[in-house]
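Let me begin by presenting the structure, written as structure tokens, before commenting on it.
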Amino acid sequence: MEFTELSLPGVYLIDGFQHVDQRGEFVKTFHHPSFEQRDLSFKVREEFFSISGKHVLRGMHFQLPPHDHHKLVYCIAGRVLDVVLDLRMGSEHYGKHLSVELSGKRRQMLWIPKGLAHGFLSLAEDSCLIYKTDREHHPESDAGIRWDSFGMSWPCDESSVSLSPRDQLHPTLDEFSSPF
Ligand SMILES: Cc1cn([C@H]2C[C@H](O)[C@@H](COP(=O)(O)OP(=O)(O)O[C@H]3O[C@@H](C)C(=O)[C@@H](O)[C@H]3O)O2)c(=O)[nH]c1=O
């Protein structure tokens, strides 16, 4: 597995092992020693996926401490513009974000450490995003920041974005007091 650190410290884009032959493909999506080698301690406790229509926007989500978690995400069908926002106080990167396209074609993975909010815009019909996390879902700790409050230039306008009722009500980044 090849790990490339992105512009926010501790956020990695990962290329997994892929093998193509006349039968089809073989793709490895997790290899614990590769994470251990980089001091990324990750013991998977939950795995789930979502399927999203074009222009569905989910985010920007995280769990509050002590239920905060690391996430590994990848897309196996369709395309998403995946976005992470740094909420780590005391970091010069606080409030900064980055985005990367994940797709069922390239199958890269994104490692999102604790202290970052995560969200994405689906760029195709039926985009499937798979998650692994190292802590169980804890509804009372499930929190968010408004998608349009931190300077991300989403490639669509507000009227074409489809959001859950919950995602419309998150505080803005300015209103949020970070515990990270
Ligand atoms: C996230 C989650 C939700 N649920 C439930 C709560 C609710 O009834 C239903 C749908 O939840 P949501 O609307 O929060 O789903 P969704 O908006 O897709 O939430 C996801 O968004 C992306 C951006 C993330 O980063 C994920 O960690 C997760 O927060 O599933 C679980 O049971 N376990 C979970 O881990």
Side-chain angles (χ1 to χ4, degrees), residues 6 8 10-14 29-30 35 40-88 93-104 107-156 158 160-173 176 178-180:
L6 301 182
L8 297 175
V11 177
Y12 290 91
L13 193 60
I14 303 170
T29 53
F30 187 63
F35 281 74
L40 304 177
S41 123
F42 192 46
K43 291 194 178 140
V44 178
R45 303 277 295 184
E46 279 205 1
E47 178 163 315
F48 49 94
F49 66 85
S50 61
I51 297 177
S52 306
K54 191 169 182 178
H55 291 164
V56 165
L57 196 155
R58 299 179 190 248
M60 300 291 297
H61 298 164
F62 48 92
Q63 289 201 159
L64 296 166
H67 298 278
D68 46 344
H69 53 200
H70 303 302
K71 284 179 196 171
L72 181 67
V73 303
Y74 56 98
C75 178
I76 56 156
R79 290 190 305 134
V80 308
L81 185 64
D82 211 78
V83 180
V84 292
L85 166 66
D86 202 328
L87 299 175
R88 295 171 292 193
H93 300 277
Y94 177 83
K96 299 208 169 115
H97 64 275
L98 66 80
S99 62
V100 62
E101 186 173 313
L102 301 177
S103 70
R107 301 197 185 121
Q108 290 176 302
M109 293 181 268
L110 191 67
W111 168 257
I112 306 163
K114 291 177 181 180
L116 284 97
H118 169 251
F120 66 87
L121 174 71
S122 172
L123 302 172
E125 291 302 343
D126 298 330
S127 296
C128 179
L129 200 72
I130 302 189
Y131 304 72
K132 290 177 173 49
T133 63
D134 62 353
R135 218 171 239 287
E136 296 81 357
H137 182 231
H138 190 264
E140 296 76 25
S141 311
D142 200 351
I145 302 281
R146 259 190 74 103
W147 66 286
D148 56 355
S149 71
F150 58 93
M152 168 70 194
S153 142
W154 299 93
C156 58
E158 188 163 1
S160 61
V161 161
S162 170
L163 292 163
S164 70
R166 180 171 92 97
D167 284 350
Q168 293 169 32
L169 297 175
H170 294 309
T172 64
L173 178 62
F176 180 70
S178 180
F180 294 107

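Each ligand, and each atom within it, is numbered from 1 in the order the structure gives. In this text, all values refer to a predicted model and were calculated from it rather than measured experimentally.
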Taking non-hydrogen atoms within less than 4.0 Å of ligand 1, which protein residues qualify?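 Those residues closer than 4.0 Å to ligand 1 by some heavy atom are E46, F48, R58, H61, K71, H118, G119, Y131, H137, R166.
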Specify the closest pair of heavy atoms between D148 and E158, including all atoms of both residues, with the distance to one decimal.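 Reported closest heavy-atom pair: OD2-OE2, 4.4 Å.
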Looking at E101 and Q108, what are the two nearest heavy atoms and their distance?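 Minimum heavy-atom contact is O-OE1, 4.4 Å.
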Regarding T172 and S149, is there a side-chain donor-to-acceptor distance under 3.5 Å anywhere?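 No, no side-chain donor-acceptor pair sits under 3.5 Å.
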R58: salt bridge (Lys or Arg N to Asp or Glu O under 4.0 Å) partners, not counting sequence neighbours: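 For R58, no residue satisfies salt bridge (Lys or Arg N to Asp or Glu O under 4.0 Å) once neighbours in sequence are set aside.
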Option passing ring pair (Phe, Tyr, Trp, His ring centres under 6.0 Å) with H61 (candidates H170, H137, H69, H118):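 Result for ring pair (Phe, Tyr, Trp, His ring centres under 6.0 Å) with H61: H170.
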Salt bridge or not between R45 and E136? Use side-chain N to carboxylate O under 4.0 Å.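 Answer for the salt bridge query: yes.
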